[in-house]
Amino acid sequence: MTTPRVLFWHRRDLRLADNLGLAVAGEISPAVTGVYVLDPKIIDPPEHLPAMAQARLWFLIESLVELQQRWREAGSRLVILEGDPPVVLPQLAEQIGAEAVVWNRDVEPYARERDRQVAKRLQADGRKVLVDWDQLLIAPELVKTGGGDPYRVYGPFLRNWRGQVLAKQPSTVAAPTGLVDLDPVLVPAGDPLPHLRENHGFKGTEICPCRPGEIAALEQLMRFCDGPLLGYEPERNFPGTEGTSTLSAALSVGTLSPRQAWCAAQDSRALARSEEQLHAIAVWEQELCWREFYQQALFHFPELADGPYREQWRRFPWENNEDWFDFWKEGQTGMPIIDAAMRQLNQTGWMHNRCRMIVASYLVKDLI
């Protein structure tokens with residue numbers, strides 16, 4: 001009897017450790033192959049949509065390069081494909097003889113519709129499809145008001161969410177080992193990463209505080225929790241102070257899981273020596289909750305991907321002054337804090353969290 005082949009589709013979970021979908025795949029069979037699809041709708045979208053930022057593309061590519069090495073160390077491989085997922089994934093599953101395909105769910109409308117198409121085609125071919133949540137501490141369907149509706153206000157959401165997290169006591173799972181690789185003759189030819197690595201165009205690779213890859217994300221998390229976290233409040237409020245985690249990119253692409261972040265914060269509670277330090281940790285935990293609040297909002301109200309939730313704002317008479325918008329993008333408005341923040345973003349690929357609020361507010365309330 002041959003070992004069944006399982007295909008694991010990476011998306012916003014570019015890590016092996018604490019990857020819930022990957023753990024499920026490993027329980028089915030040790031013969032697991034990873035795949036990541038460079039979707040042209042995201043990497044190089046049509047002209048009417050903005051292209052992926054150079055810093056984001058660099059972070060993605062370098063994280064994938066490391067992830068390939070992690071798969072090799074685990075005994076298998078990560079295949080990189082280019083194309084439309086509903087087309088190329090069923091083709092790959094057929095080519096390698098995968099009996100099951102596993103992935104972690106997403107909240108975004110485009111991703112959800114794409115996943116439905118992929119699942120439909122795989123199941124039509126007789127393959128098993130397994131999906132579950134990984135990028136959130138609490139699944140969005142589980143955080144509801146007493147009336148069964150999704151939350152629209154953060155405060156009540158925080159209380160419900162935190163209660164569920166504390167009751168659940170999140171833990172992490174280890175990275176898989178001893179995987180079984182493909183027969184070399186079944187491996188698809190070509191790897192687009194080297195070409196993309198040479199042409200992403202981002203010049204701030206050495207000064208970006210967000211470091212790509214699973215290993216760097218965990219190192220950043222440990223450094224933050226060993227010191228700055230205990231002073232997160234009020235140090236997070238001062239852009240000139242290195243008082244934040246700089247883990248936004250890692251959480252976005254999934255080189256770090258929210259469970260790893262939460263568990264590290266709980267470990268730091270043992271280091272706290274004052275109520276102020278415990279309060280600082282709680283404030284950072286609330287930032288993790290903000291992340292989940294907005295993701296559950298997008299899950300329940302997919303129209304947010306296209307515009308405002310409230311109808312009256314969809315008809316708001318914006319000035320849409322393109323010159324002002326260009327000045328804002330280039331850090332040339334004449335407002336020192338706005339320009340400093342935008343230049344930081346343009347040069348390093350990252351912006352301090354307090355500056356993000358300031359520049360966004362200035363754009364929509366003062367310029368356009």
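Keep in mind it's a predicted model, so treat the numbers as computed, not measured. Counting from 1, the numbers follow the sequence of the chain as shown.
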Given 3.5 Å as the limit, does a donor-acceptor pair link the side chain of [X] with the main chain of [Y], or not?
{"X": "Thr241", "Y": "Gly243", "answer": "no"}
{"X": "Gln260", "Y": "Asp18", "answer": "no"}
{"X": "Glu285", "Y": "Trp262", "answer": "no"}
{"X": "Glu292", "Y": "Leu288", "answer": "no"}
{"X": "Ser29", "Y": "Val6", "answer": "no"}
{"X": "Ser63", "Y": "Phe59", "answer": "yes"}
{"X": "Arg259", "Y": "Leu137", "answer": "no"}
{"X": "Asp134", "Y": "Leu20", "answer": "yes"}
{"X": "Trp328", "Y": "Ile338", "answer": "no"}
{"X": "Arg356", "Y": "Met351", "answer": "yes"}

Kindly check if the number of other-residue, nucleotide or ligand heavy atoms within 6.0 Å of [atom1] ([X]) is above 12?
{"X": "Glu242", "atom1": "CD", "value": "no"}
{"X": "Glu275", "atom1": "CD", "value": "no"}
{"X": "Phe301", "atom1": "CZ", "value": "yes"}
{"X": "Arg291", "atom1": "CZ", "value": "yes"}

State yes or no: are the ring centers of [X] and [Y] separated by less than 6.0 Å?
{"X": "Phe299", "Y": "Trp133", "result": "yes"}
{"X": "Trp284", "Y": "Phe224", "result": "yes"}
{"X": "Trp324", "Y": "Phe327", "result": "no"}

When rounded to the nearest 0.5 angstrom, what distance separates [atom1] in [X] from [atom2] in [Y]?
{"X": "Lys144", "Y": "Gln296", "atom1": "NZ", "atom2": "CD", "result": "9.5 Å"}
{"X": "Ser257", "Y": "Leu251", "atom1": "OG", "atom2": "CG", "result": "8.0 Å"}
{"X": "Leu278", "Y": "Glu233", "atom1": "CG", "atom2": "CD", "result": "13.5 Å"}
{"X": "Glu82", "Y": "Asp39", "atom1": "CD", "atom2": "CG", "result": "10.5 Å"}

Checklist line | Whether Trp290 and Tyr154 hold their rings parallel, tilted or perpendicular, with breakpoints at 30° and 60° | finding: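 Geometry flag for Tyr154 against Trp290: parallel rings.
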Note to self: Does the plane of the ring in Trp318 sit parallel, tilted or perpendicular to the ring in Phe316? Use 30° and 60° as the thresholds.
What the structure shows: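 Answer is tilted, since the angle falls between 30° and 60°.
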Item checked: Gln69 side chain to Arg72 side chain, donor-acceptor N/O pair below 3.5 angstrom ->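 Distance-only check passes for Gln69 and Arg72.
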Item checked: Between Asn353 and Glu287: side-chain donor-acceptor atoms closer than 3.5 Å ->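 Side chains of Asn353 and Glu287: no pair found under 3.5 Å.
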Item checked: Working for side chain to side chain contact (heavy atoms under 4.5 Å, CB included), residues Ile358 and Ile337 -> CA-CA 8 Å; Ile358 295 170; Ile337 186 65; 4.2 Å; yes
Check: Between Asn104 and Phe8, does a side chain to side chain contact (heavy atoms under 4.5 Å, CB included) hold up when you go through it step by step?
Finding: CA-CA 9 Å; Asn104 293 309; Phe8 179 74; 3.7 Å; yes
Margin query: Using side chain to side chain contact (heavy atoms under 4.5 Å, CB included), reason through Arg15 and Leu218 one step at a time and then give a plain yes or no.
Written below: CA-CA 11 Å; Arg15 64 186 185 280; Leu218 284 173; over 6 Å; no
Next item on the list: Let me see the working for Lys203 and Gln54 under side chain to side chain contact (heavy atoms under 4.5 Å, CB included), right down to the final yes or no.
Entry: CA-CA 9 Å; Lys203 296 180 173 57; Gln54 293 176 343; 5.7 Å; no
